[in-house]
Amino acid sequence: MRKSQLIYQYIREQGAVSKQDIVIGLGLSLPTITQNLNNLAELGLIDTSKKISNTGGRNATAYSYIEKARYAVGLYLNRHHINCVAVDLSGNVISLIRVRENFDLNDDNYLRKIGETVEEVKKDTGLSDDRFLGVGIAVQGLISDDGERVTYGLTLNFTGVTRADIAKYIPYHNRLFHDSAAAGYAEVWDRNDLDDAFYLSLSNSVGGAVIVANKIFEGERRKSGEIGHMTIIPKAGDRCYCGQRGCFDTVCRANVLAEYADGDLEKFFELLETKDLGARRHWNRYLEYLSIGIHNIRMLYDTKIVIGGYVGAYIEKYMEDLCARVDARDSFKEKSERYLVPSKYKKEPTGVGAAIHMIDEFFEII
C-alpha cells in the first residue's frame with residue numbers, strides 16, 4: 001500500500017487527526033506526511049478547515065476525510081425491477097431509485113431505461129460529475145473473472161450476455177458483479193466484527209457468499225456460496241430453475257412469501273403482523289426450511305451467518321423464533337443467537353455492494 005493510501009485510510013478510520021497523530025500512528029516522517037496531505041487536499045479528499053484544541057499552544061490543523069468527495073452508483077437488475085443507488089465514500093446511500101421494469105436484455109427500451117435510471121440517480125445526488133467513480137452492475141448470475149461476461153444466468157436465461165450488452169446506454173466506467181457476492185461484500189466492508197462470515201441472501205432467488213478475512217472466497221469456478229441449490233426436499237420437492245427438485249431456492253426465496261400477498265413482500269409482513277392465519281402458516285413453513293438451511297451452513301463453515309436480501313430486511317423482529325428452530329437441530333447445543341446476525345443494509349444491499357466495489361477501485365489508486 002502506498003504512503004498516500006496509508007495516510008488516507010488512517011484518517012478515514014480515526015476521524016479528525018493532526019499531523020502529529022499521523023506521525024505517531026503510522027511511524028512516517030513529517031515531511032512525507034506533509035507532502036501526502038497536500039496531495040490529498042488538492043484532490044479534494046480531505047478537509048483542513050477545522051482545528052484541534054491544544055491547551056499547550058497553538059491549535060493544530062484537523063485533517064478529516066470528506067464522505068462525499070467521490071461517489072459511485074450501484075445497479076441491481078432482477079426479474080421485475082431496476083434498483084439503483086448512489087453511495088458515498090463511507091458506504092452511505094445518498095440516492096435510491098427503484099423502477100418496475102421486466103428484465104429483458106433483448107428489448108432496447110429496457111436497456112435505455114437502465115441508462116436513464118443511472119442518470120436520474122446521478123442527478124439526484126446533486127454532486128458534480130468530477131466526483132463520479134462509475135457504475136457497479138449486479139445481476140442474478142455468475143460472472144467471469146474479468147467482470148465482462150455472465151457465465152451462468154439460468155435464473156433469468158441470460159448466460160453468455162456481456163457487460164457491454166447490458167451497459168449499452170451507460171457511458172461510464174462499469175463492471176459486472178454476482179448479486180449475492182455484491183451484497184455480502186457490502187455487509188463486511190469497513191467492519192471489524194465480521195472478518196469471517198457467510199452471507200445468506202433471501203431475495204427473489206436464494207444465494208450466498210463466503211467471506212474469509214473480509215474478502216469474498218469465490219472458489220475454483222466462482223460458484224462458492226451457491227447455497228440456493230443445496231437440496232432441502234429430495235425427489236418430492238418443487239422443480240428449481242436449475243432443473244433439480246427441492247432446492248433451498250424453491251422454499252426460501254422471497255417470492256414464496258410474496259405470492260401470498262399478490263406479489264408484495266411488504267404486504268405479506270403486514271398480514272403477518274395482523275395475525276393473518278394464512279400468512280402465519282406460510283411463515284412457519286418458511287422458517288422451518290430456513291432453519292434447515294442455516295443449520296447446514298453452520299455445520300459447513302462454523303462461522304457467523306448474516307441474513308440478508310429482501311426477507312433479511314424484515315427478519316430482525318423474528319430472530320428469536322428462528323433461533324429456537326435452528327437450536328433444535330444443533331447437535332452441539334450451541335445457541336444460534338451468538339452467530340446469527342441480521343443484515344446491516346436493510347435497503348438495496350446488492351446495489352450498495354456493487355457501488356462499493358467501484359469505491360474500492362478508487363481507494364487502490366489514491
Side-chain angles (χ1 to χ4, degrees), residues 1-72 74 86-94 125 127-128 130-134 136 181-182 184-197 199 209-217 303-304 306 341 343-345 349 352-366:
M1 186 179 288
R2 296 196 300 272
K3 291 182 176 64
S4 58
Q5 292 173 318
L6 279 172
I7 293 168
Y8 181 69
Q9 292 298 343
Y10 183 80
I11 294 170
R12 288 186 73 246
E13 291 168 4
Q14 300 298 321
V17 294
S18 67
K19 284 185 185 179
Q20 191 60 33
D21 292 330
I22 302 173
V23 169
I24 296 170
L26 296 180
L28 299 174
S29 70
L30 187 58
T32 296
I33 290 169
T34 298
Q35 179 184 347
N36 282 283
L37 286 174
N38 290 338
N39 292 339
L40 292 171
E42 287 176 10
L43 290 170
L45 296 176
I46 58 173
D47 179 18
T48 62
S49 65
K50 299 180 177 64
K51 300 290 184 180
I52 294 176
S53 297
N54 185 349
T55 57
R58 189 173 62 180
N59 292 338
T61 298
Y63 296 91
S64 58
Y65 96 102
I66 303 169
E67 289 183 329
K68 292 182 174 61
R70 300 289 188 279
Y71 74 100
V87 174
D88 68 19
L89 294 178
S90 288
N92 300 313
V93 175
I94 55 177
T125 66
L127 300 175
S128 57
D130 61 353
R131 300 188 183 195
F132 182 51
L133 300 176
Y185 192 68
E187 205 63 40
V188 300
W189 187 75
D190 223 23
R191 288 178 66 170
N192 297 319
D193 59 334
L194 279 179
D195 287 347
D196 303 321
Y199 178 79
V210 182
I211 300 149
V212 179
N214 273 102
K215 296 185 181 298
I216 302 295
F217 173 74
T303 190
K304 283 187 169 62
V306 181
V341 183
S343 62
K344 177 177 68 173
Y345 285 100
V352 170
I356 284 174
H357 273 289
M358 310 307 286
I359 289 170
D360 270 353
E361 279 189 13
F362 172 68
F363 286 162
E364 288 297 318
I365 63 171
I366 292 175

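The first residue in the sequence is number 1, and the count goes up from there.
Considering only heavy atoms from C-beta on, Leu37 comes within 4.5 Å of Ile11 through its side chain. Using a 4.5 Å heavy-atom cutoff, the side chains of Thr125 and Arg131 are not in contact. When side chains are defined from C-beta on, Lys68 does not count as touching Leu89, because their heavy atoms never get closer than 4.5 Å. The shortest distance between side-chain heavy atoms of Val188 and Arg191 does not fall below 4.5 Å. Annotation: side chain of Thr48 is in contact with side chain of Tyr63 (closest heavy-atom distance under 4.5 Å). Considering only heavy atoms from C-beta on, Ile216 comes within 4.5 Å of Ile211 through its side chain.
A donor-acceptor pair is defined here as one N or O able to donate and one able to accept, closer than 3.5 Å; such a pair exists between the side chain of Arg2 and the backbone of Ile365. Between the side chain of Thr303 and the backbone N or O of Asp196, at least one donor-acceptor pair lies under 3.5 Å. No donor-acceptor pair under 3.5 Å is formed between the side chain of Asp195 and the backbone N or O of Asn214.
For the residue pair Met358 and Ala72, the shortest heavy atom distance occurs at CB-CB, 3.9 Å. Between Ala86 and Tyr71, the shortest heavy-atom contact is CB-CD1, 4.2 Å. Annotation for Ala209 and Gly184: closest pair CB-CA, 4.4 Å, computed over non-hydrogen atoms. Of all heavy-atom pairs spanning Ala186 and Pro349, the tightest one is CB-O, 3.7 Å. The two residues Val212 and Phe217 have their closest heavy-atom pair at CG2-CB, 4.2 Å. The two residues Ala182 and Ala354 make their nearest non-hydrogen contact at CB-N, 3.8 Å.
For NZ of Lys3, the number of neighbouring non-hydrogen atoms (other residues, nucleotides, ligands) closer than 6.0 Å is 12 at most.
Interatomic distance, CD1 of Ile366 versus CE of Met1, reported as 9.5 Å (0.5 Å rounding). His357 NE2 to Leu133 CG: the interatomic distance, rounded to the nearest 0.5 Å, is 14.5 Å. Between the CD1 atom of Ile359 and the CZ atom of Arg70 there is a distance of 11.5 Å, given to the nearest 0.5 Å. Taken from CD1 in Ile22 to CG in Leu30, the straight-line distance is 9.5 Å, to the nearest 0.5 Å. With values rounded to the nearest 0.5 angstrom, Ile356 atom CD1 is found 4.0 Å from Tyr345 atom OH. Rounding to the nearest 0.5 angstrom, the gap separating the CG atom in Asn38 from the CD1 atom in Ile46 is 8.0 Å.
Using the six-membered ring where Trp is involved, Phe363 and Trp189 have ring planes that are parallel, under 30° apart on the 30 and 60° scheme.
Between Tyr199 and the options Val210, Val341, Val306, a side-chain contact (heavy atoms from CB on, under 4.5 Å) holds for only Val306. Checking each of Asn39, Asn36, Leu45 against Ser4 for a side-chain contact (heavy atoms from CB on, under 4.5 Å) leaves exactly one that passes, namely Asn36.
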Item to check | Intermediate values then yes/no, side-chain contact (heavy atoms from CB on, under 4.5 Å), Ile94 and Leu127 | outcome: CA-CA 10 Å; Ile94 55 177; Leu127 300 175; 3.8 Å; yes

